[in-house]
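Below is one structure, written out as structure tokens; the observations come after it.
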Number of protein chains: 2
Amino acid sequence: MSQSGAEIRRRLQDAGLRPTRQRVALAELLFAKGDRHLAAEDLHFEAIESGVPVSLATVYNTLHQFTNAGMLRILAVEGSRTYFDTNTSDHHHFYIEEEGEVVDVPVSGLRVENLPEPPEGMEVANIDVVIRLRRKR
Amino acid sequence: MSQSGAEIRRRLQDAGLRPTRQRVALAELLFAKGDRHLAAEDLHFEAIESGVPVSLATVYNTLHQFTNAGMLRILAVEGSRTYFDTNTSDHHHFYIEEEGEVVDVPVSGLRVENLPEPPEGMEVANIDVVIRLRRKR
DNA sequence: CTGTGTGCAAACTCTTTGCATAAGT
DNA sequence: ACTTATGCAAAGAGTTTGCACACAG
């Protein structure tokens, strides 16, 4: 799932985004390691850590640009933090409240059956299943 | 599903919450009209509107107390706002992004099949299915 | 009376925005 | 050069907290 710099630059251009230093660097962090779920702050931290001095505001802007371009999906899992998911295809999540951690549900399993009709004039945009976990006592 | 004042007072006491003016009033607003999904601000507005001068802080406190008492559930649907759901039993939701509106999925239908094993030492707390809707084009 | 609840305003967290500077094509 | 992106700091939204006063038991 990892992508070369050139590939990333092309992807950005196809999305109408100029491949700036920051965007390329952030895209590399996001897409180099397979599926990831992270908050803006997490990515900001990683960027700084790996020597790319982006501002947090730019990380937010960039994440939203990527989301609009269909490269990311927003994950509504918890009230305060917004998580971004690098896997834009249909899949579902475990959420561990104590650690604020999101884990993919293995695709093999879970299926949503017997989907009801949406109300008049509406269509399904997507379905999010969040399985909240707690530590066994 | 509507409840008398006395019934509400008893429910609060059973939960270890003193049935104060504000708590009784808020509980009546919450539970008088069947299943509801609302944000703290919505409830605050309704309270003021119906002549109960609670502060927003008290609404938040009260909503969390009710949640801890199992009378409400928190609904993770969208990044910014926290929705509280008066229906604490297992059921799922439509979410209409444009209007920030949450609607119950008729219980009859949808079922989640083939639930995968949670990771080691974890158990399922609950499952939230959010069906995001958009207007048909 | 005693202790818990409430209101207010201030603090906090996460996120967005405005504007001058910097970088991409 | 011309245009779009970035950084910073400040503003915004939603939520939480601390402390003095009010109320329930």
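Chain letters run A, B, ... following the sequence lines, proteins first and then strands; every chain starts at 1. Worth knowing before you read on, the calculation uses all heavy atoms, side chains too, and leaves out hydrogens, waters and symmetry mates.
The main-chain N or O of Q65(B) is never found under 3.5 Å from a side-chain atom of N68(B) such that the two would form a donor-acceptor pair. With hydrogens and angles disregarded, a donor-acceptor distance shorter than 3.5 Å links the side chain of R23(B) to the backbone of R18(B).
Listed by residue number, the members of residues 50-59 of chain B with any heavy atom below 4.0 angstrom from DNA chain D are L56(B), A57(B). Contacts with DNA chain D (heavy atom under 4.0 Å) in residues 63-77 of chain B: H64(B), listed by number.
In this structure, F45(A) stands alone, with no Ile, Leu, Val, Met, Phe, Trp or Tyr side-chain heavy atom under 4.5 Å from its own, directly or through other members. Taking a 4.5 Å side-chain heavy-atom cut-off between Ile, Leu, Val, Met, Phe, Trp and Tyr, the cluster of L75(B) extends to V77(B), Y83(B), Y95(B), V102(B), V130(B).
F84(B) meets the ring-ring contact (aromatic ring centres under 6.0 Å, His included) test with H64(B); sequence neighbours excluded. In this structure, the ring-ring contact (aromatic ring centres under 6.0 Å, His included) partners of H93(B), at least two apart in sequence or on a different chain, are H37(B), H91(B).
Rounded to 10 degrees, the angle between the two end axes of the helix from dC1(C)-dG25(D) to dT25(C)-dA1(D) is 30°, with five pairs used at each end.
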Produce a footprint string for nucleotides 19-25 of chain D: one letter per nucleotide, 5' end first; B if the base is under 4.0 Å from any protein heavy atom, S if only the sugar-phosphate is, - if neither. ----SSS
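The neighbour count for E123(A) CD, taken as heavy atoms of other residues, nucleotides or ligands under 6.0 Å away, is above 12.
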Side chain to side chain contact (heavy atoms under 4.5 Å, CB included) evaluation trace for L30(A) with L63(A): CA-CA 10 Å; L30(A) 282 168; L63(A) 285 170; 4.1 Å; yes
Walk me through it: do Q13(B) and L17(B) pass the test side chain to side chain contact (heavy atoms under 4.5 Å, CB included)? CA-CA 5 Å; Q13(B) 283 178 317; L17(B) 296 172; over 6 Å; no
Atom pairs and distances, side-chain donor-acceptor, residues 53-60 of chain B, under 3.5 Å, sequence neighbours left out:
residue	atom	partner	partner atom	Å
S55(B)	OG	T58(B)	N	3.2
S55(B)	OG	T58(B)	OG1	3.1

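Heavy-atom contacts of chain B under 4.0 Å fall on DNA chain C between two terminal nucleotides, which in 5' to 3' order are dG3(C) to dA9(C).
One atom, OH of Y60(A), and another, P of dG12(D), lie 18 Å apart when rounded to the nearest Å. Separating the NE2 atom of H44(B) from the P atom of dG14(D) is a distance of 14 Å, rounded to the nearest angstrom. Put simply, CZ on R81(B) is 8 Å from C1' on dG14(D), counting in whole angstrom units. Rounding to whole angstrom units, CG of residue N61(A) and C1' of dT6(D) are separated by 8 Å.
For residues 56-74 of chain B, the salt bridge (Lys or Arg N to Asp or Glu O under 4.0 Å) pairs, not counting sequence neighbours, are R73(B)-D128(B). Residue pairs meeting the salt bridge (Lys or Arg N to Asp or Glu O under 4.0 Å) criterion with at least one member in residues 45-65 of chain B, sequence neighbours excluded, are R36(B)-E46(B).
A 4.5 Å side-chain heavy-atom check between R10(B) and D14(B) finds at least one atom pair inside the cut-off.
Taking both residues in full, the closest heavy atoms of V124(A) and P118(A) are given as CG2-CG, 4.1 Å, listed atom of the first, atom of the second, then distance.
Linking ILVMFWY side-chain heavy atoms closer than 4.5 Å, directly or via other members, places L38(B) and I48(B) in two distinct hydrophobic clusters.
Neither OP1 nor OP2 of dG14(D) sits under 4.0 Å from any side-chain N or O of T82(B).
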